[in-house]
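I have placed the structure first, in the form of structure tokens, so that the comments after it can refer back to it.
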Amino acid sequence: MTLDVLYFAWVRERIGLPRERIETDAATVADLVEELRAREDRYAAAFADLAALRVAVDQDLTSFDAPLGAAREVAFFPPMTGG
């Protein structure tokens with residue numbers, strides 16, 4: 001499947017891209033993360049601590065064990081706080 005993967009805040013800074021389109025066979029978000037980690041050190045650094053990240057699939061906040069199914073977009077970002 002083809003996915004648009006979006007990176008925000010320090011995730012974008014570590015990877016060096018705001019978004020990319022990738023081909024993947026990942027069944028879950030966690031599988032996708034493992035594929036990304038294996039690409040290069042910059043991805044491994046960005047995804048080193050999943051507790052410091054949130055994920056949305058097709059703009060719905062979800063967990064890393066969520067299935068990708070027919071998803072078109074996955075976004076990774078740090079937790080946000082209110083003020």
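Worth saying up front: this structure is predicted, and the values here are computed from it rather than measured.
One distance of note links CG of Leu32 with CE of Met1; it measures 8.5 Å at 0.5 Å rounding. Rounding to the nearest 0.5 Å gives a distance of 11.0 Å between CZ of Arg42 and CZ of Phe47. The distance from atom OH of Tyr7 to atom CG of Leu53, rounded to the nearest 0.5 Å, is 11.0 Å. In this structure, the separation between OG1 on Thr24 and CD on Glu34 is 11.5 Å, given to the nearest 0.5 Å. The CG atom of Leu36 sits 6.0 Å away from atom CZ of Phe76, with the distance rounded to the nearest 0.5 Å.
A donor-acceptor contact closer than 3.5 angstrom links the side chains of Ser63 and Asp65. Looking only at atom types and distance, the side chain of Tyr43 has no donor-acceptor partner in the side chain of Glu35 under 3.5 Å away.
Of the residues Glu20, Arg12, Gln59, Arg19, the one that meets the side chain to side chain contact (heavy atoms under 4.5 Å, CB included) test with Leu6 is Arg19.
Between Val11 and Phe77 there is no side-chain heavy-atom pair separated by less than 4.5 Å.
The cluster map of Ile, Leu, Val, Met, Phe, Trp and Tyr, joined by side-chain heavy atoms under 4.5 Å apart, puts Phe8 and Val74 in different clusters. By the rule that hydrophobic residues join a cluster once side-chain heavy atoms approach within less than 4.5 Å of another member, Leu50 and Val55 end up as members of one cluster. Val5 and Leu17 fall within a single hydrophobic cluster, where Ile, Leu, Val, Met, Phe, Trp and Tyr side chains are chained together by heavy-atom contacts under 4.5 Å. Under the 4.5 Å side-chain heavy-atom criterion for ILVMFWY residues, a single connected hydrophobic cluster contains both Phe64 and Trp10.
Here Arg72 pairs with Asp58 under the side-chain contact (heavy atoms from CB on, under 4.5 Å) rule; sequence neighbours left out. Looking at residues two or more places apart in sequence or on another chain, you find no salt bridge (Lys or Arg N to Asp or Glu O under 4.0 Å) involving Glu73.
Considering every non-hydrogen atom in both Pro79 and Ala52, the closest pair reads CD-O, 3.2 Å. Of all heavy-atom pairs spanning Ala27 and Asp31, the tightest one is N-OD2, 3.3 Å. Ala26 and Leu68 make their closest contact through O-CD1, 3.5 Å (heavy atoms, listed as atom of the first residue, atom of the second, distance).
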